[in-house]
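Below: one structure, written as structure tokens.
No hydrogens, no waters, no symmetry mates; every other heavy atom, side chains included, goes into these values.
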Amino acid sequence: MSKNNICTLYVVVPCYNEEEVLTETTKRLKKKLETLIKSKKITEKSKVMYVNDGSKDKTWEMICDINQKEKLFTGISLSRNKGHQNALLAGLMTAKEYADIVISMDADLQDDIDAMDEMIDKYYDGCEIVYGVRSSRKKDTFFKRFTAESFYKFMSFMGVDVVFNHADYRLTSKKVLNNFSEFTEVNLFLRGMFPLVGYKSDVVYYERNERFAGESKYPLKKMLNFAWDGITSFSVKPIRLVLNIGIIIFVLSLIMLIYCLVVKILGKTVEGWTFIVGSIWLVSGIQMLSIGIIGEYIGKIYSETKRRPRYIVSENLEEKNK
Ligand code: UDP
Ligand code: MG
């Protein structure tokens with residue numbers, strides 16, 4: 001669809017045990033969508049798509065009920081709890097069939113829904129991906145803020161290209177989502193994967209609010225798992241680290257070997273010392289180096305098995321001139 005026409009928006013919202021927030025979320029999103037439709041920014045076919053991630057409470061019943069009453073709301077349900085990232089992916093891949101642009105956000109509306117206007121404007125200005133970025137986290141607890149910000153810093157130290165303070169509140173076009181479906185990896189870290197798709201992108205800043213009801217579904221344990229997943233699915237830097245340590249220890253072992261020989265020649269050792277100390281250094285140096293080299297190959301295998309697309313063609317004049 002050309003960007004001169006107005007487009008259809010789907011808002012994808014993963015929900016896991018969110019019965020406490022759904023009524024309020026629906027009210028607020030309904031108002032938002034109605035305003036956007038009225039101001040002719042999006043078509044009347046636009047919708048909110050709730051993704052029930054195998055909730056154990058009344059979430060799915062509520063979604064079905066909302067769908068009956070409100071034509072702006074629809075939903076899909078996963079057969080069991082698969083986690084936020086999988087639920088989000090399921091929503092995005094389903095919504096792309098109906099929508100020209102999709103915005104993903106959390107059910108608790110911690111991310112300011114008014115930032116959607118600016119996201120859509122940036123899309124009409126030619127951006128294919130618009131990242132929502134938290135300008136401040138004043139309303140998060142100190143603990144959440146500290147852990148979350150350390151998370152982003154550690155990720156970039158570990159060689160993962162992430163947009164600082166961007167969670168999964170983002171606008172993506174149908175084109176991007178179609179390309180994205182070629183990323184077939186199983187360990188998802190969506191916020192790190194979208195930058196790999198490329199295209200013109202931009203950021204929109206907003207203030208993050210408190211959760212207005214219910215509890216966080218991302219306790220520290222899940223967050224650490226998520227960070228670990230992010231690093232290990234994105235970067236071979238930890239493997240490089242092992243190789244580098246291997247090289248350092250190997251060089252050190254050569255120095256120690258020379259030292260041992262010098263001490264022996266000077267006659268300051270007891271019988272057998274040179275042999276024992278020398279072999280400990282040499283053998284551990286060689287071992288560490290070998291592990292690093294094996295790691296390099298494993299790193300290669302790992303990037304091969306992900307089968308990420310090697311390139312994405314963004315424009316083809318041959319198609320355009322048809
Ligand atoms: N969520 C999900 N599946 C899960 C855990 C969470 O779909 O297994 C959803 C949840 O319903 C919410 C979003 O992911 O819409 C973010 O969760 P939450 O707000 O609890 O995380 P926090 O904002 O505390 O990091
Ligand atoms: Mg939240």
As a quick check of understanding, evaluate salt bridge (Lys or Arg N to Asp or Glu O under 4.0 Å) for Asp112 and Arg208, giving each step before the final call.
CA-CA 6 Å; Asp112 182 11; Arg208 180 164 160 97; over 6 Å; no

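- In this structure, CH2 on Trp60 lies 7.5 Å from CG on Asn67, to the nearest 0.5 angstrom.
- Within 6.0 Å of NZ in Lys175 there are more than 12 heavy atoms belonging to other residues, nucleotides or ligands.
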Met62/Asp57 under side chain to side chain contact (heavy atoms under 4.5 Å, CB included): CA gap, chis, key distance, verdict
CA-CA 10 Å; Met62 284 177 80; Asp57 62 3; over 6 Å; no

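- Using a 4.5 Å cut-off on side-chain heavy atoms (C-beta onward), Lys71 and Lys47 make no contact.
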Check the pair Lys122, Glu118 against salt bridge (Lys or Arg N to Asp or Glu O under 4.0 Å), reporting the backbone distance first and the verdict last.
CA-CA 6 Å; Lys122 296 223 157 148; Glu118 210 184 320; 3.8 Å; yes

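- Counting heavy atoms of neighbouring residues, nucleotides and ligands inside a 6.0 Å radius, atom CD of Glu304 does not exceed 12 of them.
- Side-chain atoms of Glu19 and Thr59 include no donor-acceptor pair closer than 3.5 Å.
- Using a distance-only test at 3.5 Å, with no hydrogens or angles considered, a donor-acceptor pair links the side chain of Ser235 to the main chain of Met158.
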Between Asp114 and Lys32, is a salt bridge (Lys or Arg N to Asp or Glu O under 4.0 Å) present by the stated rule, with each step listed?
CA-CA 8 Å; Asp114 290 327; Lys32 184 83 226 166; 3.0 Å; yes

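- A side-chain donor-acceptor contact under 3.5 Å links Thr25 to the backbone of Ala107.
- Taking 4.0 Å as the cut-off between side-chain N and carboxylate O, Asp202 and Lys200 do not count as a salt-bridged pair.
- One hydrophobic cluster holds both Ile129 and Leu196 under the rule that ILVMFWY side chains link at heavy-atom gaps under 4.5 Å.
- Under a hydrophobic-cluster definition in which Ile, Leu, Val, Met, Phe, Trp and Tyr are linked whenever side-chain heavy atoms come within less than 4.5 Å, directly or via other members, Ile291 and Ile247 are assigned to different clusters.
- Side-chain contact between Val203 and Val163 is present, with at least one heavy-atom pair separated by less than 4.5 Å.
- Note on Ile293 and Leu254: same hydrophobic cluster, where clusters join Ile, Leu, Val, Met, Phe, Trp and Tyr whose side-chain heavy atoms are under 4.5 Å apart, directly or indirectly.
- Scanning both residues, Glu185 and Arg308, for their nearest heavy atoms gives OE1-NE, 2.7 Å.
- In this structure, Glu61 places its CD atom where more than 12 heavy-atom neighbours from other residues, nucleotides or ligands lie under 6.0 Å away.
- Counting only N and O atoms by type, the side chains of Thr43 and Thr8 include a donor and acceptor under 3.5 Å apart.
- Clustering ILVMFWY residues whenever any of their side-chain heavy atoms sit less than 4.5 angstrom apart, transitively, puts Leu257 in the very cluster that holds Ile286.
- Considering all non-hydrogen atoms of both residues, Ser181 and Met93 come closest at CB-SD, 3.7 Å.
- Taking 4.5 Å as the limit, some side-chain heavy atom of Asp117 sits within range of a side-chain heavy atom of Leu36.
- Interatomic distance, CH2 of Trp281 versus SG of Cys260, reported as 9.5 Å (0.5 Å rounding).
- Using cut-offs of 30° and 60° on the angle between ring planes, the pair Tyr206 and Tyr169 is perpendicular.
- Between Ile245 and Met288, the closest heavy-atom pair is CG2-CE, 3.9 Å.
- For the atom pair Ile63 CD1 and Lys58 NZ, the distance stands at 13.5 Å (nearest 0.5 Å).
- Considering only heavy atoms from C-beta on, Lys41 comes within 4.5 Å of Asp121 through its side chain.
- The CG atom of Leu252 sits 13.5 Å away from atom OH of Tyr259, with the distance rounded to the nearest 0.5 Å.
- Here the shortest heavy-atom pairing between Arg191 and Asp168 reads NH2-OD2, 3.2 Å.
- Arg134 has no carboxylate O lying under 4.0 Å from a charged side-chain N of Glu207, or vice versa, which leaves the two without a salt bridge.
- Under a hydrophobic-cluster definition in which Ile, Leu, Val, Met, Phe, Trp and Tyr are linked whenever side-chain heavy atoms come within less than 4.5 Å, directly or via other members, Leu92 and Phe226 are assigned to the same cluster.
- Sparse packing is recorded around NZ of Lys300, with 12 or fewer heavy atoms of other residues, nucleotides or ligands lying under 6.0 Å away.
- The shortest side-chain heavy-atom distance between Leu29 and Ile113 falls under the 4.5 Å cut-off.
- Heavy atoms from other residues, nucleotides or ligands lying under 6.0 Å from CZ of Phe183 number more than 12.
- To the nearest 0.5 angstrom, Ser104 atom OG is 7.5 Å from His84 atom NE2.
- Of the possible donor and acceptor atoms, one in the side chain of Asn17 sits under 3.5 Å from a partner among the backbone N and O of Lys56.
- Between Ser55 and Glu18, the closest side-chain pair of non-hydrogen atoms is not below 4.5 Å.
- Between Tyr98 and Tyr10, the ring planes are parallel. Angles under 30° get that label, and only those over 60° would be called perpendicular.
- Lys237 forms a cation-pi arrangement with Phe157, by the criterion of a distance under 6.0 Å to the ring centre and an angle within 45° of the ring axis.
- A salt bridge is absent between Asp53 and Lys82; no separation between the charged side-chain nitrogens and carboxylate oxygens falls under 4.0 Å.
- Using a 4.5 Å heavy-atom threshold, the side chains of Phe194 and Leu177 count as touching.
- Nearest heavy-atom pair across Ser135 and Tyr205 is CB-CB, 4.1 Å.
- One distance of note links NZ of Lys153 with CG of Asn165; it measures 9.0 Å at 0.5 Å rounding.
- Stacking of Lys306 on the aromatic ring of Tyr302 is recorded, both the 6.0 Å distance cut-off and the 45° axial limit being met.
- Counted within 6.0 Å of NZ on Lys31, heavy atoms from surrounding residues, nucleotides or ligands total 12 or fewer; the atom is thus considered open.
- Between Asp229 and Leu188, the shortest heavy-atom distance links the atoms OD2-O, 4.3 Å.
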Working note: Glu24 + Arg28, criterion salt bridge (Lys or Arg N to Asp or Glu O under 4.0 Å); need CA distance, chi angles, decisive distance, verdict.
CA-CA 6 Å; Glu24 178 67 20; Arg28 292 198 207 169; 2.9 Å; yes

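- Here the side chains of Asp100 and Leu9 are not in contact, with every heavy-atom distance at 4.5 Å or above.
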Evaluate side chain to side chain contact (heavy atoms under 4.5 Å, CB included) for Val51 paired with Leu78, printing each intermediate quantity in order.
CA-CA 7 Å; Val51 182; Leu78 304 190; 4.3 Å; yes

For the pair Tyr50 and Val48, evaluate side chain to side chain contact (heavy atoms under 4.5 Å, CB included) and give the outcome as yes or no after the intermediate values.
CA-CA 6 Å; Tyr50 288 127; Val48 172; 4.1 Å; yes

CA sep, side-chain torsions, deciding dist, call: Thr172, Glu128, side chain to side chain contact (heavy atoms under 4.5 Å, CB included):
CA-CA 6 Å; Thr172 39; Glu128 301 286 337; over 6 Å; no

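- Under a 3.5 Å cut-off, the side chain of Ser46 and the backbone N or O of Ile42 do not form any donor-acceptor pair.
- Without hydrogens or angle criteria, His166 side chain to Val133 main chain gives no donor-acceptor distance under 3.5 Å.
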